[in-house]
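Working notes for the structure below.
For the numbers below, each heavy atom of this structure counts, side chains included, while hydrogens, waters and symmetry mates do not. By convention in this document, chain letters (A, B, ...) are assigned in the order of the sequence lines, proteins followed by strands, and residues within each chain are numbered from 1.
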Protein chains: 2
Amino acid sequence: MEKEEYTNLSERKKRILISAVEDYIQQASPITSSAVQNKFEEKISTATLRNELNALEAMGFLRQIHTSGGRVPTSKGYRFYVNSMMGDIPLDKKALADIQTLFNNRTVYLGDIINEIASVVSKATNYPSVVMLHGFEKLVIKNIKIIPLLTGQALILIETNSGVINNTMDIKSTVVMQTFTDASNFLTQTFANQTIASMIKNMNEYKQSMKKELLEYKEIFDALLKAFTGLIEALENNSKIISSGELKLLENPEYTENPEKAKKILNVMHNSEEMSQALKHEVDEKSVRFKIGSEIPVEDLQECAIATTDYEVDGESIASVGIIGPQRMDYAKIASALKFVVGEFQNMKTLQNNVNTDEKNDND
Amino acid sequence: MEKEEYTNLSERKKRILISAVEDYIQQASPITSSAVQNKFEEKISTATLRNELNALEAMGFLRQIHTSGGRVPTSKGYRFYVNSMMGDIPLDKKALADIQTLFNNRTVYLGDIINEIASVVSKATNYPSVVMLHGFEKLVIKNIKIIPLLTGQALILIETNSGVINNTMDIKSTVVMQTFTDASNFLTQTFANQTIASMIKNMNEYKQSMKKELLEYKEIFDALLKAFTGLIEALENNSKIISSGELKLLENPEYTENPEKAKKILNVMHNSEEMSQALKHEVDEKSVRFKIGSEIPVEDLQECAIATTDYEVDGESIASVGIIGPQRMDYAKIASALKFVVGEFQNMKTLQNNVNTDEKNDND
DNA sequence: TATTAGCAGTCTTACCAAACGAGTGCTAAC
DNA sequence: GTTAGCACTCGTTTGGTAAGACTGCTAATA
């Protein structure tokens with residue numbers, strides 16, 4: 001349907017529309033016929049441009065706020081611009097080099113990695129970023145270690161194919177050290193190369209059919225199970241949104257002039273229900289996807305645009321990574337930055353996993 | 001000097017000033033003679049109040065923006081109010097109960113604890129919070145564990161008297177498992193009950209004088225030393241500010257009407273040099289300290305007020321915890337919330353440390 | 001001497017009208 | 001199909017006025 005409408009557009013109309021949208025993205029003030037004239041490569045009068053802009057408005061790509069005030073792109077206008085740009089993503093070497101300085105690749109914990117993704121994405125795009133972990137259970141377990149602390153707690157470390165997950169459990173002081181080592185080995189042997197989801201599913205079964213000599217692990221199993229179901233519940237309920245750079249919204253005139261709008265958006269950003277709606281997308285081939293204005297199924301974001309991509313590990317999507325900004329955003333730059341940053345994180349993980357992925361388990 | 005000036009104030013002037021400041025804190029609009037009249041317990045005419053307010057203005061406690069527009073407290077006015085209030089901090093049971101729901105006491109890592117303090121303080125006070133770690137090296141080491149991961153890195157876990165510090169180091173794949181266990185035990189035996197500072201100082205010496213049979217630890221020592229000096233440098237340079245709830249600034253009319261001001265403040269909040277200046281204070285007995293307006297030695301914060309307190313472990317101040325807001329803030333409520341929240345964190349730590357602090361080291 | 005009523009003076013805010021100007025739509029000519 | 005030119009629209013700025021909120025001051029009062 002979109003495609004058909006676009007065929008109505010003459011080549012020149014297309015170029016004019018692109019010029020117009022680009023002008024608005026840069027200037028943040030309504031597009032006038034003379035502004036387009038300055039930007040446009042061919043010699044063409046403002047009167048002709050007015051005719052063309054008028055036609056584009058009639059087709060729904062542009063919109064006038066008031067008669068004498070220039071035009072502004074509609075969501076449809078931005079959508080056309082984005083579709084026409086998506087082929088050639090500019091990879092500005094200088095910019096990529098700048099982004100590279102933002103990385104800190106000493107993180108091993110999944111939580112830290114997610115935070116770091118959010119932080120780097122926001123810095124690289126200059127917009128608030130959001131990361132939602134949705135594929136936590138799909139992570140593949142590589143190694144499990146239970147490490148007792150002096151405080152009466154124990155640290156549960158689960159190495160996965162995407163970083164280390166950690167949680168704590170309370171322990172009885174009667175449990176002796178050897179038990180933890182044995183339990184770690186047993187857990188690793190039992191669950192290695194399973195997903196978190198299947199570990200949780202199987203753990204109950206194992207516990208039932210447990211032989212006598214392993215009964216001492218029961219306490220640990222129980223605590224572990226509790227810790228993990230708790231973690232997953234927490235992720236599914238509230239805390240699964242990680243965001244960064246909220247303040248960058250205030251760098252854009254549309255929000256400094258109207259802080260109420262910014263507040264609304266930032267509120268939605270912390271509502272996991274709505275953000276989940278906003279970030280959701282059909283499976284398709286594109287690595288970076290845009291939702292523009294009315295395309296976003298969340299009331300308070302319909303004046304915004306959202307760019308999203310997936311953080312994938314071993315081909316599985318673990319998290320959605322996105323940024324939120326005004327519709328007037330630099331789509332090309334954002335697409336390339338987002339793609340690059342998330343790609344780098346994926347590469348980092350892949351490299352690390354290859355280091356000694358086939359080394360045998362060594363918990364003792 | 002302050003005290004002397006205050007003695008010039010009649011009892012009634014003091015009460016009027018307190019009424020006036022309170023009114024402004026609640027209403028956020030200039031104090032008028034009739035507003036004070038409504039608030040004031042005694043029957044007193046607006047004309048008399050005008051005389052009194054005029055006198056208070058002459059003494060520098062209040063200030064008029066323009067002739068016909070009511071008055072606003074000066075920094076000195078707020079200071080008087082704060083000093084006169086500091087005796088009786090109200091402990092609203094309901095509010096404290098609300099705050100208590102914000103705690104999540106399953107954190108074991110120092111970094112997470114610091115983040116959590118920032119987060120809870122901000123939620124409890126409704127202002128942006130800042131935590132600066134300044135006493136990292138004063139932490140006392142309890143236990144050291146080096147845990148190899150499958151990715152060719154090793155996790156360094158240092159249990160201290162205030163949570164676990166973690167860092168990573170790269171390892172050669174030739175190092176065998178037993179070495180890590182032995183090294184952990186050796187490190188713990190060597191450095192337990194020393195501070196981080198003295199560990200770093202002594203580590204080099206130990207390395208020099210190391211016996212032959214311990215030479216295999218050298219690699220680990222080197223990596224460890226590198227990891228730790230790196231961590232400390234990072235803390236001392238840039239990343240030592242943890243903040244939370246920046247957006248809450250926009251809930252106050254002084255900043256929604258003037259987002260530029262908010263941006264300025266938020267910028268300063270991420271400048272460790274300036275924040276360090278702003279949070280610094282003389283050693284004194286007070287648990288919560290206020291700096292008001294001109295008392296803050298940072299240009300861009302001179303329209304603000306800052307409340308700070310120390311996060312202490314075993315009597316040593318580890319971090320400064322503070323909030324930033326307009327001078328028109330609810331000082332009493334903030335003092336009690338800040339004191340309560342940080343106090344709870346301190347208690348939590350103390351309890352945990354007491355659980356099995358005298359249990360012997362158990363790394364194998 | 002302290003308090004108060006009353007009033008004049010000051011300054012802000014709201015409102016309105018006029019002038020301005022940026023930008024459009026339309027028409028007529030090319 | 002393109003363009004120059006002009007009338008028109010509508011937001012923005014400016015200036016000027018009226019209303020309202022407070023204050024400072026003065027003079028009367030207890």
Rounded to the nearest 0.5 Å, what's the gap from CZ on B:Arg50 to CZ on B:Arg71? Could you check?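 B:Arg50 atom CZ to B:Arg71 atom CZ measures 9.5 Å (nearest 0.5 Å).
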To the nearest 0.5 angstrom, please state how far the CD1 atom of A:Ile241 sits from the CE atom of A:Met269.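 With rounding to 0.5 Å, CD1 (A:Ile241) is 8.0 Å from CE (A:Met269).
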Ring of B:Tyr127, cation from B:Lys248 - is the NZ or CZ under 6.0 Å from the centre and inside 45° of the axis?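 Ring-cation test returns no.
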Testing B:Ile324, B:Val82, B:Ile334 for side-chain contact (heavy atoms from CB on, under 4.5 Å) with B:Met329, which one passes?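 Answer to the side-chain contact (heavy atoms from CB on, under 4.5 Å) test with B:Met329 among B:Ile324, B:Val82, B:Ile334: B:Ile334.
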Of A:Val21, A:Asn252, A:Val72, which is the lone residue that meets side-chain contact (heavy atoms from CB on, under 4.5 Å) with A:Arg328?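 So the option named by the test is A:Asn252.
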Could you give the CG-to-P distance, from A:Leu53 to C:dG25, as a whole number of Å?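 For the pair A:Leu53 CG and C:dG25 P, the rounded distance is 8 Å.
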Tell me the interatomic distance from A:Leu49, atom CG, to C:dT24, atom P, rounded to whole angstroms.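 To the nearest whole Å, that distance equals 10 Å.
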Geometric class of the A:Phe80/A:Phe61 ring pair [parallel <30°, tilted 30-60°, perpendicular >60°]: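 Judged by the thresholds at 30° and 60°, the geometry between A:Phe61 and A:Phe80 is perpendicular.
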Can you list everything that forms a side chain to side chain donor-acceptor pair (under 3.5 Å) with A:Ser75? Sequence neighbours excluded, please.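 With neighbours one apart ignored, the set is A:Gln327.
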Please determine if a side-chain N or O atom of B:Gln64 lies less than 4.0 Å away from the OP1 or OP2 oxygen of D:dC22.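 It does not, given that no N or O in the side chain of B:Gln64 lies less than 4.0 Å from OP1 or OP2 of D:dC22.
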Counting just side-chain N and O atoms, does A:Asn54 come under 4.0 Å of either OP1 or OP2 of C:dT24?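 No, because none of the side-chain N or O atoms of A:Asn54 sits under 4.0 Å from OP1 or OP2 of C:dT24.
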What's B:Gly69 touching, base or sugar-phosphate or nothing? Going by heavy atoms closer than 4.0 Å.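 Answer is nothing: B:Gly69 stays at 4.0 Å or more from every strand.
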Check: B:Gln27 and B:Lys39 side chains under 4.5 Å, non-hydrogen atoms: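 Contact flag for B:Lys39/B:Gln27 side chains = no.
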Specify the residues of residues 29-39 of chain A, ordered by number, for which at least one heavy atom lies under 4.0 angstrom from an atom of DNA chain D.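 Here the set is empty: none.
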The contact string for nucleotides 3-19 of chain C, one letter per nucleotide 5' to 3', using protein heavy atoms under 4.0 Å with B, S and - for base, sugar-phosphate only and none, comes out as SBBB---BBS-------
